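A quick write-up on the structure given underneath.
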Amino acid sequence: MSKRFPEYKGLDLPKVNNEVLKMWDDDDTFRRSLRSRDGKGEFVFYEGPPSANGMPGIHHVMSRAIKDAICRFKTMQGYEVKRKAGWDTHGLPVELGVEKSLGITKEDIGTKISVDEYNAACRRDVMKYTDAWEDLTRHMGYWIDMDNPYVTYDNRYIETLWWLLKELYNKGLLYEGYTIQPYSPAAGTGLSSHELNMPGCYRDVKDTTCIALFSVKKNDKSKFLFSGIDTQGVKIMAWTTTPWTLPSNTALAVGPEIKYASVRTTNPYTSEPITVILAEELIPVIFAPDKKLEYTVNGTYKGSELKGIDYEQLIDWVNPGEGAFRVITGDFVTTVDGTGIVHIAPTFGADDYRAGREHGVPPLLVLMSDGFEGPLVDRRGRMVPMGDLDQAFIATHVNTSTYGPFAGRYVKNEYNDSLTEADATLDVDIAVMLKQAGKAFRIEKQIHNYPHCWRTDKPVLYYPLDSWFIRTTALRDRLIELNNTINWKPESTGTGRFGKWLENLVDWNLSRSRYWGTPLPIWMTEDRQEEICIGSLAELKIEITRSIDAGYMTRNPLENFVVGDNSLENYSLLDLHRPYVDEIVLVSRTGRPMRRETDLIDVWFDSGAMPYAQAHYPFENKENFAEMFPADFIAEGVDQTRGWFFTLHAIAVMISDSVSYKNIISNGLVLDKNGNKMSKRLSNAVDPFSTIDQHGSDALRWYMLTNAQPWDNLRFDISGVEEAKRKFFGTLYNTYSFFALYANVDGFTGSEPQVPVERRPEIDRWIISLLNTLIKEVTERYDDYDITPAGRAISDFVTENLSNWYVRLNRKRYWGGGMDDDKLSAYQTLYTCLETVAIMAAPVIPFFTDRIFTDLNSVSGKHNEGSVHLVAFPSYDKKLIDKALEERMEIAQKMSSMILALRRHVNIRVRQPLARIMVPASDRHFRKSFEAVKPLILAEVNVKEVEYVDDTSGLLIRKVKPNFKLLGPKFGKKMKEAGAAILALTQNEIAEFEKNGSLNLLLDGETHTITTAEVEIISEDIPGWLVANEGRLTVALDITVTEDLLHEGIAREFVNRIQNIRKERGFEVTDKIRVVIEDLPFVSAAVSKHSDYIASQTLALDVSLAPASAITGPAARETDIEEQMVRVLVEKVKG
RNA sequence: AGUCCCAUAGCUCAGUUGGUUAGAGCGCUACACUGAUAAUGUAGAGGUCCCCAGUUCAACUCUGGGUGGGACUACCA
């Protein structure tokens, strides 16, 4: 027995999923796809490492479906696409997870639990959900090499990171500096922005606020402020919610474009007349009516005019040195609150620090007795006690009589356990002091939003902390330049979010004070005068040896480390994590001990370094690195823009002066169906596992990639997945089933010699033309990393053209009879369409397409490859694309639909044949096209003949439509009138117009000539006929039902009824039958006249008439024809 | 606060370089068709193309300003 195309009882995508997965496993399909064909070489892809300490979510399916689709497509194009999986294993979320599961806090590290145990727990915990991730990866069909992933905690990975850091260090790009960071004095640690964004951290608190008055120094720069005033001096108003920062003030910032006013008023506390400067806009707020303050405006000035004005120090505790106490400008200044003038304390605000640096304003620093400089507030949150200050510094820079009473005070009472809310705060005392000195304008309690430490619940300070930085700013121009060569999808993320980010780049703060992460490989002497940056284990081994010689270490943990042996065993001799790495003490050039900087590095450096570290470069893969760098393609969520996308780019530019990726898709978020972010808390998160179990990952992937452009946020609605299944997969399945059913009946195998395309019928050539157009379109879209329109085009082709037109119109060609060329054409055409669609859709929906492909191939044996993912992506044949043919068929489709609409209008069912349609055909080209598709239309709408009418018949009512695109530029302002005039043309004028090819139009006494090329002339109506219009198409239907037609209609009714009975009785498609119909007056003529027709359609050997009494038994049925009951007998004939 | 994305039918989305009647699918209503049948067709209802202003003969489309939703970054007197 010959092979048969597999037939199925129903569409079960989850089952297909599992069966195809098993096939891939059995055949090792993924591994076999990893090769380069036709000398295409490598297509480099980088996998962004997910953190395996959390469960994967539905959004992971999104970005991974994109990555998988592109990689599969490139594979099918002939490239070798290696895909190394990776795991991001360091970082705060891991630490928090461990602390939660162990029930400890950071303070317990080193006491309740050793750093050693803590890190061991992190190492275990981070791979907690690896199984779930691997399971999802497998079931969603994401092909990636999970057997050899890169793991960021691996010593070899860390070694590459150290090498990179040393490269940066040697280039002078790695430096130590300080920056203003959120700092918790109570916990004694800096906080990450992540920690600050934890729920409940920002809280409304009531604080003392103060508008301070800064006295302007009268000199050349400021004298314009003093002209015409009658007060002692001029004061600049600045508002603060943290009066304790006022002693550290070294500048005032104004907005360059903001308008400021000089206002005469009185000091409410001293009643002294004063002249003050503030933003003009804020006068009504500061001098609100309820304050009962009188004031007059002297004049206004732009912020830029005030720039450079000097003022006297507000609180003379410490002298900050040259350059302080100036008015500077800053873009960050607003007039939403305060006075429009910002008090700048560079030691306690990030903006302040930056503004200070830009304008050369010094921060207010004090010299401590230990020789280090620091801000006026110490790390415990106190004004630096006198005893901690350097004695010489006190003598030269500190006003002991004014500072003395305040030294040692906590800036927030919360930091001192012996103080309560009832005690006076430093803020209040400073405010009162200013008030008494006439330097305060207003003091009041205000509620504002302020961050708190999530561990201690106490307020955070913005505080200068030492950190290690990468000088990314030094490479800014190069970063921007190279970014412009990257193909971003969507473009706006590259130029916009990412581009702007690069323009406003600040140095990369690398330091993190944590335990579980990549240690900074820098060792320093205690006085910080000597340092060493280690770039490899080999180097470390040598340095340790030197240290042992110097007596600082007793044993070399790398004693047995073999340089050049890259095995895991060799690299497991020493754990490079804390605390082990901290036990290593190195020796400086001058023979002094050096200890490691305790900082870890930002985990983003880990992931951004993966192009190098996944290859353990340069310790391995040095020769072939060019084959793996840079990436041709990466894809992740848009939330990675300033994360992974940036760190990849930054490191590649700094190390290799190259982009890290050439093409990138950044996809949007997956929201719930109401547009809300998915979260466990709202329990609106969609579980990818159960979704795939229920619907199959093909349906899920198809929905996610075709419903919306991937970079738009996706409102995930499961009913969309179901719709995709019904609409696209259902139709494709049906089309295949239809093919398989008849191909098996006819013994078609697909391996028959091809009927030459030019010998196939018009409709076959049409669908082949469309198919080739589709190949072109899909290839271009995929090539452009634009998956969505590619998928939509495939879907349109399958549902609209292939199934709903081609198969529907051709069904009869597959039924009955032997195998002639026409039938063979039909099978071969449908086979080609199914196979090509399967191949083209394979990158997006890898399972179902592989099933279709292998099912087709199992009989035809056309391909040697056992999987759709191993075959070449099709290329289109220009010769097979026939635009004129596609156009003709469009006419047929539209015409048919119009005629069916007319039938519906007068309630004449399609089974009732009608005599003729009438089509206006003044255009010869149109007539020719119509003639070619005439048989299709007539068959589809069940009409016998076409009659063409031309305008000379006088039957047609014509209409002229102006072509605005052509006429618009010609008429300009008069277009409206011209359009109206054209629409108002009479039938005679139109006829004249058409005859002459041009027309003179009279507008405002001016004559304008228009030609027929500039308008569209359509036949709108045929009086007395039933007419339909759509665009340029017009058709009229003759709805007279003659006796002959009625008989034929009745015959067709019988065919339909008999077919239904056949089906109901469960006959095989090939069974022969005998039919007896009740001899009623209104059917007898119809049946006897068309008995042959009825017989041929229903595979009846005999159709006869008989009285009702003769039609009895189990084979007898009663059916409804033309609203009358008729008895019919249908029985199987053996033979 | 800054930067970016999004806003078109009840829902999900198309809509070319501006061109005058803004489309599809789903859903709803009615009808039809049927050897693909858990499929299909036709028709109907359903629109302030988020709002305002501008440019233009002409704006869903371009410009500016808002509003709403979302993301990232930053966090401020």
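In what follows, every chain begins at residue 1, and chains take the letters A, B, ... in the order their sequences are listed. These figures come from a predicted structure and were not determined experimentally. Any value given below was found using the heavy atoms of this structure, including those in side chains, with hydrogens, waters and symmetry copies removed.
- Position along RNA chain B of the nearest nucleotide to A:N1056 versus A:H343 favours A:N1056 as the more 5'-ward residue.
- Residue contacts for A:K965: at a heavy-atom cut-off of 4.0 Å it reaches a base atom on one of the strands shown.
- The backbone N or O of A:Y806 sits less than 3.5 Å from a side-chain atom of A:N810, completing a donor-acceptor pair.
- Of the listed nucleotides (B:G25, B:U20, B:C57), B:C57 has the atom at the smallest distance from the side chain of A:K973.
- A:M237 pairs in a side-chain contact (heavy atoms from CB on, under 4.5 Å) with only one of the listed residues (A:F441, A:F214, A:Y260), which is A:F441.
- To the nearest angstrom, P of B:C11 lies 16 Å from CG of A:L714.
- Not one N or O on the side chain of A:R813 forms a donor-acceptor pair closer than 3.5 Å with the backbone of A:V807.
- Scored by the side-chain hydrogen bond (donor to acceptor under 3.5 Å, both in side chains) test, A:R792 finds no partners at all (sequence neighbours excluded).
- Comparing B:A7 with B:C76, their C1' atoms sit 31 Å apart, to the nearest whole Å.
- Rounded to a whole Å, the CZ atom of A:F716 is 15 Å from the C1' atom of B:C11.
- Distance from the side chain of A:R792 is smallest for B:C13 among the nucleotides B:U21, B:C13, B:U73.
- Protein atom NE2 of A:H59 is 11 Å distant from nucleotide atom P of B:C72, rounded to whole Å.
- Between B:A45 and B:G10, the two C1' atoms lie 12 Å apart (nearest whole Å).
- Remark: the separation of the C1' atoms in B:A14 and B:C49 is 13 Å, to the nearest Å.
- Aromatic ring centres of A:F716 and A:Y703: separated by under 6.0 Å.
- For A:F645 and A:F498, the distance between ring centers is not under 6.0 angstrom.
- Residue A:E723 contributes atom CD, which lies 7 Å from atom C1' of B:U12 at whole-angstrom precision.
- Across all strands shown, A:G968 has heavy atoms under 4.0 Å from base atoms, whether or not it also approaches the sugar-phosphate.
- B:A58 atom P lies 22 Å from atom NZ of A:K961, rounded to whole Å.
- Between A:F5 and A:F739, a ring centre-to-centre spacing shorter than 6.0 Å is recorded.
- For B:C60 and B:A53, the P atoms lie 14 Å apart once the distance is rounded to whole Å.
- The closest donor-acceptor contact from the side chain of A:Y827 to the backbone of A:Y742 lies under 3.5 Å.
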Dot-bracket notation for RNA chain B, counting Watson-Crick and G-U pairs under 3.5 Å, with | for partners on another strand: (((((((..((((.....[...)))).(((((.......))))).....(((((..]....))))))))))))....
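- Going from atom CG of A:D796 over to atom P of B:G23 covers 17 Å, rounded to whole Å.
- Taking atom P in both B:G66 and B:A1, the straight-line distance is 11 Å, to the nearest Å.
- Spacing between B:U12 and B:U8 at atom P, rounded to whole Å, works out to 8 Å.
- Of the candidate nucleotides B:C76, B:U20, B:C13, B:C76 has the atom nearest to the side chain of A:Y462.
- Summarising the geometry, the separation between CD on A:Q709 and P on B:C5 is reported as 14 Å, rounded to the nearest angstrom.
- For the C1' atoms, the distance linking B:G69 with B:G25 amounts to 24 Å, nearest Å.
- For the C1' atoms, the distance from B:G46 to B:U40 is 24 Å, rounded to whole Å.
- One finds no salt bridge joining A:E722 and A:R726 here, because no Lys/Arg side-chain nitrogen approaches an Asp/Glu carboxylate oxygen to under 4.0 Å.
- Checked against the 6.0 Å centroid threshold, A:W604 and A:F646 do not count as a close aromatic pair.
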Take nucleotides 36-43 of chain B nucleotide by nucleotide from the 5' end and write B, S or -, depending on whether a protein heavy atom sits under 4.0 Å from the base, only from the sugar-phosphate, or from neither. BS-SSSBS
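- Shown here for A:R1052 and A:P913, the closest heavy-atom pair between the two residues is CD-CG, 4.4 Å.
- Spacing between atom CH2 of A:W702 and atom C1' of B:C13 amounts to 15 Å, rounded to whole angstrom units.
- Place A:G643 and A:G340 on RNA chain B by their nearest nucleotides, and A:G643 ends up nearer the 5' end.
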